[in-house]
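Everything on this sheet refers to the single structure shown next.
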Amino acid sequence: METILVNYEGHVATITINRPKALNALSTQVLTELNQALDEVAANNDVYALVLTGAGEKSFVAGADIAEMKDKSVEEAAAYGKFGNEVFRKIETFRCPVIAAVNGFALGGGCELAMSCDIRVASENAVFGQPEVGLGITPGFGGTQRLARLVGTGIAKEMIYTARNIKAERAYAIALVNNVVPAEELMAVVMKMANGIAKNAPIAVAYSKKAINNGLQTDIEGGIAIEVEEFSNCFATEDQTYGMTCFLEKTKDKKFSNK
C-alpha cells in the first residue's frame, strides 16, 4: 500500500494515513487502501484495539480529495459516497474498539472519519469542521448522521450550515472528542488508552461495543434485550470463567485468552 501504514505493537494495531503533502486527503486510492488495511487488521486475532491517525504534524485528514471530486457525474458521486460510507461503517462496526488520534485538521471527510471511530482524542492544534456546503455539496461520508448523534441536532446543524471550523477546545466542550492533549503527548496518551482496553477480555469488549451500537438504533426495551443477549453470550467464553476466577482469587495480573 502506498498511502497507508500498518503497525503492530503488542495487542494494538495502528493504521496511519500517509499522505502528508496532501494533508492526508481521502482520495479513492486512500479509501481503497484503508479498506484493505482494515481487512488485514480484522483478520489478526491478536489485535484487541485499533488506533487510526494521520501522518505529519498538521493534519489527521483534511477532507476528501476535491480535485478528484470536482468533475464527477451524479452517478460517479453516488458511487464515491457509497464506497466511503462502506469503509467508515466498517470502522464503526469493527470487531474491536477504534480510537482516532486526531493530530491536526479533521475537516469534511476527516471529521467524518474520526466520528466513525469509537473514541476520539485530539491534540491541542486539532481543528474540526464540515465545510461542504461552502463547496456546493452536502457532507457525503456520514456527517449529517453521526454529527447530530454525537453532539445534538442544533449544534450539528450550526456546524454544517455555517461551514465554520471549530478548535479542539470547542470540540471537547460539545462532546465531539473525549479528550484534548498537547500534540507531543497525543500518541502516548492514545496508546496508553488502547493498551488499557487491550488488557480486558477482548470478547467482552467486542460484545459491549456491539450492544452499545445496536442498542442506540432502538428503544430502551430493545436495547436492554440486546444487552441481555450479549451479557449471556459472555458465559460461553473461557475468558468469563477465567476473569471471575481471577477476581475471586484476587489475581491482579490477568492475561485473557480471547476465547
Side-chain angles (χ1 to χ4, degrees), residues 17 24-26 31 34 38 50 52-54 59-64 66 69 74 77-94 97-123 126-180 208-227:
I17 299 173
N24 303 319
L26 295 174
L31 287 171
L34 175 59
L38 290 167
L50 171 61
L52 187 59
T53 193
S59 182
F60 173 69
V61 168
I66 304 301
M69 282 198 297
V74 171
Y80 181 63
K82 183 174 183 293
F83 180 52
N85 274 295
E86 288 172 352
V87 176
F88 288 11
R89 276 291 288 165
K90 184 175 287 188
I91 294 169
E92 191 168 44
T93 61
F94 202 73
V98 184
I99 305 172
V102 185
N103 55 311
F105 293 116
L107 307 177
C111 188
E112 291 167 313
L113 177 61
M115 290 191 292
S116 72
C117 299
D118 295 281
I119 298 168
R120 287 156 293 285
V121 181
S123 62
V127 177
F128 297 83
Q130 298 288 163
E132 287 88 349
V133 297
L135 300 172
I137 59 174
T138 71
F141 292 164
T144 61
Q145 303 305 306
R146 292 191 182 93
L147 187 58
R149 285 167 166 80
L150 284 170
V151 305
T153 305
I155 293 175
K157 287 181 176 180
E158 177 186 347
M159 286 182 63
I160 292 171
Y161 296 173
T162 65
R164 293 174 186 158
N165 298 337
I166 61 172
K167 295 182 179 180
E169 293 81 2
R170 175 60 176 162
Y172 177 73
I174 63 175
L176 181 55
V177 300
N178 296 68
N179 200 3
V180 178
S208 296
K209 174 173 177 172
K210 185 178 176 182
I212 293 169
N213 285 353
N214 292 346
L216 286 172
Q217 306 308 312
T218 185
D219 60 20
I220 187 66
E221 294 299 331
I224 288 171
I226 291 169
E227 180 177 289

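These numbers were taken from a predicted model, which means no experiment stands behind them. For this chain, numbers begin at 1 and follow the sequence in order.
Of all heavy-atom pairs spanning Pro131 and Ala163, the tightest one is CA-CB, 3.8 Å. The two atoms that bring Gly142 and Glu112 nearest to each other are N-OE2, 3.5 Å, heavy atoms only. When every heavy atom of Ala126 is checked against every heavy atom of Val102, the shortest pair comes out as CB-O, 3.8 Å. Between Ala156 and Val151, the closest heavy-atom pair is N-CG2, 3.8 Å. The shortest non-hydrogen separation linking Ala106 to Phe60 is CB-CD2, 4.1 Å. Smallest separation of non-hydrogen atoms from Ala62 and Ser59: N-OG, 3.2 Å.
Considering only heavy atoms from C-beta on, Asn178 stays 4.5 Å or farther from Ile99 through its side chain. Residues Leu113 and Val87 are not in side-chain contact: their nearest non-hydrogen atoms beyond the backbone lie 4.5 Å or more apart. Considering only heavy atoms from C-beta on, Pro97 stays 4.5 Å or farther from Ile119 through its side chain. Contact of the Lys210 side chain with the Ile226 side chain is not registered, since no non-hydrogen atoms from C-beta on lie closer than 4.5 Å. The shortest distance between side-chain heavy atoms of Gln145 and Asn85 does not fall below 4.5 Å. Using a 4.5 Å heavy-atom cutoff, the side chains of Leu34 and Leu52 are in contact. A heavy-atom distance below 4.5 Å is not found between the side chains of Arg149 and Leu216. Looking only at side-chain heavy atoms (C-beta outward), Lys209 and Phe94 come within less than 4.5 Å of each other.
For the pairing with Arg120, the side chain to side chain contact (heavy atoms under 4.5 Å, CB included) check across Asn179, Leu150, Val180 returns one residue only, Leu150.
Rounded to the nearest 0.5 angstrom, Phe105 CZ and Cys111 SG are separated by 13.5 Å. Interatomic distance, CG of Leu147 versus OG1 of Thr153, reported as 9.5 Å (0.5 Å rounding).
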Distance-only donor-acceptor pairs under 3.5 Å for side chains of residues 165-174, two or more places apart:
none

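Partners of Lys90 by salt bridge (Lys or Arg N to Asp or Glu O under 4.0 Å), not counting sequence neighbours, listed by chain and number: Asp39. Under the salt bridge (Lys or Arg N to Asp or Glu O under 4.0 Å) criterion, Glu92 pairs with Arg89, Arg146, not counting sequence neighbours.
The ring of Phe83 has its center no closer than 6.0 angstrom to the ring center of Phe141.
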